[in-house]
Student: 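Handing you a structure now.
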Amino acid sequence: MADDEAPKSGAIKDKLIRSKQAWAREGRLLTGESAKPAQRLPPGQREVKDWPVLDLGVTPSVDPKKWKLTCDGLVQNPVTWDWDTFLAQPQVNLNSDIHCVTGWSRFDNDWTGVHALHLLETVQPAPEARHIVFHSHDGYTTNVRLEYFADGDVLLAHSWQGKPIEIEHGGPCRVIIPKRYFWKSAKWVRRIEFLAEDRPSFWEVRGYHNEADPWTEERYG
Ligand SMILES: Nc1nc2c(c(=O)[nH]1)N[C@H]1C(S)=C(S)[C@@H](COP(=O)(O)O)O[C@H]1N2
Ligand SMILES: [Mo]
């Protein structure tokens, strides 16, 4: 499959990518503190009430009628869900906070979608599967440990505050991994690939930390 098959508008923001790489080199926002998740606002973060849009400047238009999500790699039951099949899975409502590495946090987001644990139960990762790479329609990729995806607060979300997630925020379907910086939460996800070996992805090979825990400020690395 082509890595990138949905129609898009906009050009990749090379300047934005270069300036975020420079942030990583300079260690911008690092406070040297660390805090336990019991402290709601991680070190170096400020709370915002709006919801900023951050992406590579490319907004793919993903028509739910043509939408497909493939989960493959080291799994016993690879699946490809179309939109109706995705919505026919058990649905969960989960509330969580967003922490973006650029310094903003947004509390109390209500997400609806399919629990990561349900997806894992369906695909049955092989015993040697330890890592995941998410592939998105804008060509973006990001990697996490399988155990981070298997956390009870992780979901594939289609709705936010009871309404379909807007296209600029990754609709019709995006990943939400609340305990990692938000770059680990892929917008416009189209493929979830299970791997034995880790594969650092878009920001992870551009100076950003592989693990991305906001409470220990794993911003850059
Ligand atoms: N497909 C895709 N997912 C992505 C990104 C992206 O550029 N493309 N940017 C990441 C980054 S850096 C952040 S902070 C969040 C931003 O999500 P938002 O625009 O809904 O706030 O999406 C993450 N997921
Ligand atoms: Mo980000």
Side-chain angles (χ1 to χ4, degrees), residues 3 12-48 51-58 73-74 96-107 109 116 125 128-136 138-156 169-170 174-189 191-221:
D3 200 54
I12 289 266
K13 287 179 189 157
D14 291 316
K15 244 176 92 181
L16 174 143
I17 293 167
R18 280 198 300 274
S19 83
K20 283 181 86 168
Q21 283 185 276
W23 281 37
R25 281 195 305 274
E26 292 157 15
R28 198 168 155 194
L29 294 178
L30 287 177
T31 65
E33 292 167 29
S34 81
K36 296 203 175 61
Q39 175 187 311
R40 191 168 186 185
L41 192 67
Q45 295 293 110
R46 65 177 193 287
E47 190 190 348
V48 299
W51 183 8
V53 171
L54 280 101
D55 53 42
L56 304 177
V58 172
L74 295 174
S96 59
D97 299 346
I98 296 171
H99 307 294
C100 175
V101 73
T102 60
W104 58 270
S105 294
R106 190 183 189 287
F107 292 163
N109 300 278
E128 62 273 25
R130 291 280 182 278
H131 299 273
I132 288 183
V133 170
F134 301 100
H135 301 255
S136 296
D138 58 344
Y140 185 79
T141 52
T142 189
N143 60 309
V144 294
R145 292 179 189 276
L146 177 55
E147 69 198 73
Y148 299 167
F149 184 66
D151 210 338
D153 56 2
V154 176
L155 81 163
L156 307 176
H169 285 299
R174 75 173 296 165
V175 181
I176 297 295
I177 305 182
K179 290 208 232 4
R180 305 283 137 191
Y181 284 119
F182 210 32
W183 88 78
K184 295 288 188 180
S185 293
K187 295 157 74 157
W188 313 295
V189 65
R191 179 179 178 209
I192 303 178
E193 186 185 5
F194 291 75
L195 304 163
E197 305 297 330
D198 198 6
R199 191 196 295 154
S201 297
F202 191 87
W203 287 121
E204 295 82 6
V205 300
R206 287 173 175 81
Y208 285 79
H209 201 286
N210 202 49
E211 314 293 327
D213 174 3
W215 288 274
T216 55
E217 283 200 282
E218 292 176 339
R219 295 178 189 275
Y220 316 116

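Keep in mind that this is a model prediction, so the values were computed, not measured.
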Student: Mind listing the closest non-hydrogen atom pair of G207 and A24 along with its distance?
Tutor: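 So the minimum-distance heavy-atom pair works out to O-CB, 3.2 Å.
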Student: Quick one: CG on L56 to CD1 on I12, what's the gap to the nearest 0.5 Å?
Tutor: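 One finds 5.0 Å between CG of L56 and CD1 of I12.
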Student: Which value, rounded to the nearest 0.5 Å, describes the distance between R40 atom CZ and E47 atom CD?
Tutor: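 Going from CZ on R40 over to CD on E47, the span is 7.5 Å.
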Student: Show, in sequence, the C-alpha distance, side-chain angles and deciding distance for K187 and D138, and conclude whether the side chain to side chain contact (heavy atoms under 4.5 Å, CB included) test is met.
Tutor: CA-CA 9 Å; K187 295 157 74 157; D138 58 344; 6.0 Å; no
Student: Sorted by first residue and then second, give each side chain to side chain donor-acceptor pair (under 3.5 Å) pair with at least one member in residues 12-27; sequence neighbours left out.
Tutor: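 Matches after skipping sequence neighbours: none remain.
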Student: Distance from E204 atom CD to T141 atom OG1, nearest 0.5 Å?
Tutor: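 These two atoms lie 7.0 Å from each other.
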Student: My understanding is that only residues two or more places apart in sequence, or in another chain, count here; which of them pass salt bridge (Lys or Arg N to Asp or Glu O under 4.0 Å) with R180?
Tutor: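 Partners of R180 by the salt bridge (Lys or Arg N to Asp or Glu O under 4.0 Å) criterion come out as none, since no residue qualifies.
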Student: Please give me the minimum heavy-atom distance between C100 and Y181, naming the atom from each residue.
Tutor: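 It is C-CD2, 3.9 Å.
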Student: How would you list, by chain and number, every residue that makes a salt bridge (Lys or Arg N to Asp or Glu O under 4.0 Å) with E193, sequence neighbours excluded?
Tutor: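 E193 satisfies salt bridge (Lys or Arg N to Asp or Glu O under 4.0 Å) with R191, R199 only.
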Student: One thing to verify: whether K179 and D153 come together as a salt bridge, which I'm taking to mean a side-chain N less than 4.0 angstrom from a carboxylate O.
Tutor: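 Between K179 and D153 there is a salt bridge, with a charged N closer than 4.0 Å to a carboxylate O.
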Student: Distance check, rounded to the nearest 0.5 Å: S96 atom OG versus D151 atom CG?
Tutor: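 Nearest 0.5 Å value for the OG-CG distance: 10.5 Å.
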Student: Would you say that V101 contacts W203 through its side chain, given a criterion of any heavy-atom pair below 4.5 Å between the two side chains?
Tutor: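 A side-chain contact is absent here, since even the closest heavy-atom pair is not under 4.5 Å.
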Student: Please test F202 against I17 for side chain to side chain contact (heavy atoms under 4.5 Å, CB included), starting from the C-alpha separation and ending with a verdict.
Tutor: CA-CA 10 Å; F202 191 87; I17 293 167; 3.7 Å; yes
Student: Looking only at heavy atoms, which two atoms of R174 and W188 are closest? And how far apart?
Tutor: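 Looking at all heavy atoms of both residues, the closest pair is CB-N, 4.3 Å.
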Student: Under the side-chain hydrogen bond (donor to acceptor under 3.5 Å, both in side chains) rule, collect the residues that match up with N210, sequence neighbours excluded.
Tutor: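 Partners of N210 by the side-chain hydrogen bond (donor to acceptor under 3.5 Å, both in side chains) criterion, ordered by chain and then number, come out as N143, D198.
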Student: Would you indicate whether the side-chain heavy atoms of S105 and D97 approach each other to under 4.5 Å?
Tutor: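 No, side chains not in contact.
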Student: Quick one: sort the Y208 and Y220 rings into parallel, tilted or perpendicular, breaks at 30° and 60°.
Tutor: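 The arrangement is perpendicular - the two ring planes meet at more than 60°.
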Student: Hey, is the main chain of I98 close enough, under 3.5 Å, to the side chain of R106 for a donor-acceptor pair?
Tutor: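 Not confirmed, R106 side chain does not pair with I98 backbone.
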Student: If the test is ring pair (Phe, Tyr, Trp, His ring centres under 6.0 Å), which one of W183, F149, Y140 qualifies with F134?
Tutor: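 The single option meeting the ring pair (Phe, Tyr, Trp, His ring centres under 6.0 Å) with F134 is F149.
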Student: Within the structure provided, determine whether E128 and F194 are in side-chain contact (heavy-atom separation under 4.5 Å).
Tutor: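 Of all side-chain heavy-atom pairs linking F194 with E128, none is under 4.5 Å.
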Student: Side-chain contact test, heavy atoms from C-beta onward, threshold under 4.5 Å: evaluate it for L54 versus F182 and give yes or no.
Tutor: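 The answer is no; the side chains never approach within 4.5 Å.
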Student: Between A186 and S136, which heavy-atom pair has the shortest distance, and what is it?
Tutor: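 Of all heavy-atom pairs spanning A186 and S136, the closest is CB-OG, 3.6 Å.
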Student: Quick one: does S185's side chain have a donor or acceptor within less than 3.5 Å of a partner on I177's backbone?
Tutor: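 Yes.
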Student: Between L156 and I192, does a side chain to side chain contact (heavy atoms under 4.5 Å, CB included) hold up when you go through it step by step?
Tutor: CA-CA 11 Å; L156 307 176; I192 303 178; 4.0 Å; yes
Student: Could you tell me whether the side chain of H209 reaches within less than 4.5 Å of the side chain of K184, counting heavy atoms only?
Tutor: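 Not touching, per the 4.5 Å side-chain cut-off.
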Student: How far does CG of L41 sit from CZ of R46, to the nearest 0.5 angstrom?
Tutor: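 That separation rounds to 10.0 Å.
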Student: Which residues pass the salt bridge (Lys or Arg N to Asp or Glu O under 4.0 Å) test with R206, sequence neighbours left out?
Tutor: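 Salt bridge (Lys or Arg N to Asp or Glu O under 4.0 Å) list for R206, sorted by chain: empty.
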Student: Below 4.5 Å, heavy atoms only, C-beta onward: do V175 and T142 meet side chain to side chain?
Tutor: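 When only atoms from C-beta onward are counted, T142 and V175 do not touch, as no gap falls below 4.5 Å.
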Student: With a 4.5 Å cut-off on side-chain heavy atoms, are T31 and E217 touching?
Tutor: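 Touching, per the 4.5 Å side-chain cut-off.
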Student: For E211, what residues pass the salt bridge (Lys or Arg N to Asp or Glu O under 4.0 Å) criterion, not counting sequence neighbours?
Tutor: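 Residues passing salt bridge (Lys or Arg N to Asp or Glu O under 4.0 Å) with E211: R145.
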